[in-house]
Protein chains: 2
Amino acid sequence: MTGKEKVRWDSTRKIIDAAEQIFSKKGFEGATTREIADKAGLPKANIHYYFPTKEDLYVQVLKDILAEWINDAEIFDSSDDPEIAFRAYVSRKIQHSFTRPFASKVWAMEVIGGGTVFDVHLKSSLLEWNTKKCRQINKWIEQGKLRKVNAQYLLYAIWAMTQHYADFEYQTRIINNGQSLGIEQSDEIVENIVQLVLRGVII
Amino acid sequence: MTGKEKVRWDSTRKIIDAAEQIFSKKGFEGATTREIADKAGLPKANIHYYFPTKEDLYVQVLKDILAEWINDAEIFDSSDDPEIAFRAYVSRKIQHSFTRPFASKVWAMEVIGGGTVFDVHLKSSLLEWNTKKCRQINKWIEQGKLRKVNAQYLLYAIWAMTQHYADFEYQTRIINNGQSLGIEQSDEIVENIVQLVLRGVII
DNA sequence: TTTTAACTTGTCCAGATGGTCAACTTAACC
DNA sequence: GGTTAAGTTGACCATCTGGACAAGTTAAAA
């Protein structure tokens, strides 16, 4: 990758990173292209060269995030042992809360706000992901590895708890005396969520 | 309450209700006073008569929500039996997800976005609430009623799971074939969360 | 070297934004 | 019934918004 290719790649990367931060603070409507441009260190017109509209950019940011989550969830199928699978999945998800804190927030804002963009571009990917995971949990139940729980509600519970540490980072920081929960606490957090889940579902 | 008093009360109520909806869709920056006025069925200038600035209105909406949550959590102290207390609290929280769906979303957006307003006006109330609840859980642990768990993380877990059904209603709806989880499912949801919590903490 | 397509950016614009204000109506108190 | 304070509202404004565009620069192909 040289010359123009590299320039294109660098610029889009810079723009998406900046957009992720601004969208995560203000949501789609509240974010301004100027602010995104400033954070990216590029003129506003340049943003519009790579992403014709604000919405195009927003969609790209959301697609990136879902792709990463779907990737995270692959690990769910990595083991036939639900304990290992749950722990691996939660662990990855929590890691990402710390290493890529803005991504999940953009998603959260989009969904909370009613998912206008979501509806058109992301619905089917999410549904597919969800169906697959439910099927896996139900398989474990059939195999007698898990208690007979509602797979969907269990998935929501795991989702909710892991998301919390990313999305509500600000709230947990306030409660933790203004000190961010760092990567050092992540093992503790993971273990806590996993314990709760396992005691709930392992026979 | 007659005449002017009633007028004032009616108008502020209408405005706050409308604001709650708009803020929950667009966040603080994305919401416009015009849109709030339209939803409230009042001229924009009238909004500014009761709430001089957009931020004044926003703060009021957030304060209302926190007040309700603090009220919800009173029930936590209503019983010495943690099982009864947890069930009552989760149940109330989930009820509110259905009866007042916008409130929690405004809060979520504020916190996710970094809590500028939160910081100044709501921090201390939240901290006080949190400390009290942790103390109660720790008391139960000392009394041997609960397993030795980290009270703070347990509180986060309960918080996250209950919030999920309010904040991510849109996502759960998509997954549920476009059909909203109605008040009819609320018992099921409550029982699911409570079971997970109880299996995790009851000795 | 010339040509061409990709990229950059300062400038501009129609429409929207939060908020003001002055003219007005309503209801309560003397 | 007259005075006053509370409430209403259309018109207005400085500023900001997403986006268009034309004049430029860069780098790769001919």
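The chains referred to below are lettered A, B, ... by the order of the sequence lines, with proteins before strands, and numbering in each begins at 1. Note that the structure is predicted; figures quoted are calculated from it, not measured.
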*For B:I47 and C:dC21, give me the distance from atom CD1 to atom P, rounded to whole Å.*
19 Å
_Proximity to DNA chain C (any heavy atom under 4.0 Å), residues of residues 20-45 of chain A only_ = A:P43, A:A45
_N/O (side chain, A:Y50) to phosphate O (OP1/OP2, C:dA6) under 4.0 Å_ = no
*Is the cationic atom of B:K54 (NZ for Lys, CZ for Arg) positioned less than 6.0 Å from the six-membered ring centroid of B:F28 and within 45 degrees of its normal?*
yes
*In whole angstroms, how far is the P atom of C:dC7 from the CG atom of A:D10?*
12 Å
*Closer to the 5' end of DNA chain D via nearest nucleotide, is it A:V7 or B:R8?*
B:R8
*Separation of A:W9 atom CH2 from C:dC7 atom P, in whole Å?*
15 Å
_Just so I know, are the side chains of A:Q185 and B:Y153 near enough to count as touching, which here means a heavy-atom distance under 4.5 Å?_
yes
_Parallel, tilted or perpendicular, judged at 30° and 60°: which one describes the rings of B:Y156 and A:Y165?_
perpendicular
*Roughly, in whole Å, what's the span from NZ in B:K14 to C1' in D:dT8?*
12 Å
_I'd like to know whether the aromatic ring centres of A:W107 and A:F118 sit less than 6.0 Å apart in this structure._
yes
*Kindly indicate whether the side chain of B:V90, heavy atoms from C-beta on, has any atom under 4.5 Å from the side chain of B:V197.*
no
*Respond yes when some side-chain nitrogen or oxygen of B:Y49 is under 4.0 Å from OP1 or OP2 of D:dG7, and no when none is.*
yes
_Quick check: do B:Y170 and A:E110 have side-chain heavy atoms less than 4.5 Å from each other?_
no
_Whole angstroms only, please: what is the NE2-P distance between A:H48 and C:dT11?_
18 Å
*Give the rounded distance in Å between these two atoms: CD of A:E5 and C1' of D:dA29.*
14 Å
*What integer distance in Å separates A:N46:CG from D:dG24:C1'?*
14 Å
*In whole angstroms, how far is the P atom of C:dT17 from the CD atom of B:E55?*
19 Å
*Please name the residue in the list A:W129, A:Y89, A:W69 that meets the ring pair (Phe, Tyr, Trp, His ring centres under 6.0 Å) test with A:F76.*
A:Y89
